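The structure appears right after this line, and notes come after that.
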Amino acid sequence: QKEVEQNSGPLSVPEGAIASLNCTYSDRGSQSFFWYRQYSGKSPELIMFIYSNGDKEDGRFTAQLNKASQYVSLLIRDSQPSDSATYLCAVPPPGSNYQLIWGAGTKLIIKP
Amino acid sequence: DAGVTQSPTHLIKTRGQHVTLRCSPISGHKSVSWYQQVLGQGPQFIFQYYEKEERGRGNFPDRFSARQFPNYSSELNVNALLLGDSALYLCASSLTDQPQHFGDGTRLSIL
């Protein structure tokens, strides 16, 4: 089992709708979780991070963490065509907070 | 404020050559990490340096080496290049460990 798993997509969402991206992780001891956005040919850009169970909101973005079920989600409200990108979930392994273990990313397409 | 800067942006090498990639962190950041990203995959951790000391190394061969300078900039060196080393090499900086902020990357092509 991969340590961090994401559905590769593509996930197609109409403009203005809510896009829901999911990530599961294997190590129960993981404490922090990061979402990055990567446009084609560009580098990852940090969107949000979350440490505690529950929801964390930042503008149109909401991160949801459920440690019991070992998944973390990213919701994008009022999706815009500019949100079309690959979304990467990253988790530091327990005891090695200096590195990130990454999922392969979910490609999101927002259709006008 | 300037973000993480990497140079060069693109590089073409042939098998067997060596390459040096450079990274300048965000001002005030003491930690620099290097990642390799192959097309269609998430980045893979190569190294992290904090205060000029190597704190961690990923599952990469000894052909990969790095160092961090007193001004916290960093170099990644790869010797005896293989076709499989073709990738986007990413540098990230952080105050301590997380969160990490990435530069634009160096795209390395091996012919």
Side-chain angles (χ1 to χ4, degrees), chain A residues 2-10 21-27 30-52 56 58 61 63 65 72 74 85-108, chain B residues 3-7 9-10 21 23-26 29-60 66 68 74 87-109:
Chain A
K2 291 184 180 178
E3 294 174 90
V4 179
E5 292 201 61
Q6 298 180 255
N7 188 319
S8 62
L21 304 159
N22 297 314
C23 169
T24 59
Y25 59 95
S26 60
D27 199 318
S30 296
Q31 296 292 318
S32 55
F33 308 85
F34 298 83
W35 281 102
Y36 285 82
R37 176 177 63 198
Q38 187 172 29
Y39 293 112
S40 181
K42 302 295 184 182
S43 63
E45 173 191 9
L46 179 67
I47 298 176
M48 290 189 71
F49 54 91
I50 186 168
Y51 297 104
S52 304
K56 178 182 178 182
D58 184 1
F61 298 95
L65 175 59
V72 55
L74 180 70
T86 295
Y87 289 80
L88 295 155
C89 173
V91 182
S96 300
N97 199 45
Y98 52 80
Q99 67 171 291
L100 290 169
I101 305 298
W102 299 74
T106 298
K107 184 173 183 178
L108 176 65
Chain B
V4 179
T5 58
Q6 291 187 243
S7 63
T9 54
H10 294 87
L21 310 181
C23 172
S24 292
I26 293 171
H29 284 193
K30 298 182 178 180
S31 171
V32 170
S33 301
W34 288 95
Y35 292 83
Q36 179 196 67
Q37 187 177 25
V38 175
L39 194 64
Q41 297 181 19
Q44 296 291 314
F45 173 74
I46 309 176
F47 287 109
Q48 200 225 35
Y49 278 77
Y50 179 74
E51 287 281 16
K52 293 152 280 182
E53 297 287 327
E54 181 184 304
R55 291 188 67 190
R57 181 188 183 113
N59 188 24
F60 280 81
Q68 187 177 31
S74 178
L88 178 66
Y89 288 84
L90 297 163
C91 173
S93 79
S94 54
L95 279 171
T96 53
D97 291 331
Q98 306 290 350
Q100 297 181 7
H101 302 270
F102 286 82
D104 290 338
T106 294
R107 188 160 299 280
L108 176 64
S109 298

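When reading the values below, keep in mind they use all heavy atoms of this one structure, side chains included, and skip hydrogens, waters and symmetry mates. For clarity, every value in this text was computed on a predicted model and none was experimentally measured. In the text below, chain A, chain B and the rest are named by the order of the sequence lines, each starting its count at 1.
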Exercise. Let me see the working for B:Gln100 and B:Leu90 under side chain to side chain contact (heavy atoms under 4.5 Å, CB included), right down to the final yes or no.
Key: CA-CA 11 Å; B:Gln100 297 181 7; B:Leu90 297 163; over 6 Å; no
Exercise. Give, as side chain, backbone, both or neither, the part of A:Phe34 having an atom under 4.5 angstrom from any heavy atom of chain B.
Key: side chain
Exercise. May I ask you to decide if B:Thr5's main-chain N or O and B:Ser24's side chain share a donor-acceptor pair within less than 3.5 Å?
Key: no
Quiz prompt | Short side-chain to backbone donor-acceptor contact, A:Ser43 and B:Gly103, under 3.5 Å | solution = yes
Self-check item: Per-residue contact mode, B:Gln6 against chain A (heavy atom under 4.5 angstrom)
Solution: neither
Exercise. Tell me, out of A:Ile101, A:Leu88, A:Leu100, who's got the most heavy-atom pairs with chain B below 4.5 Å.
Key: A:Leu100
Quiz prompt | Best-contacting candidate, B:Pro43, B:Ser94, B:Gly40, against chain A by heavy atom pairs under 4.5 angstrom | solution = B:Pro43
Practice problem: Go through B:Gln44, B:Arg107, B:Gln37, B:His101 and name the one with the most non-hydrogen pairs under 4.5 angstrom from chain A. | Solution: B:Gln37
Quiz item: What class does the angle between the rings of B:Phe102 and A:Trp102 fall in, given that below 30° is parallel, 30 to 60° is tilted and above 60° is perpendicular?
Solution: perpendicular
Quiz prompt | Heavy-atom donor-acceptor pair, A:Glu5 side chain to A:Ser26 backbone, under 3.5 Å | solution = no
Practice problem: Indicate whether any N or O donor in one side chain lies under 3.5 Å from an N or O acceptor in the other, for B:Ser31 and B:Gln48. | Solution: yes
Quiz item: Checking heavy atoms, do the side chain of B:Tyr35, its backbone, both or neither come under 4.5 Å from chain A?
Solution: side chain
Practice problem: Please flag which part of A:Gln6 lies under 4.5 Å from any non-hydrogen atom of chain B: side chain, backbone, both or neither. | Solution: neither
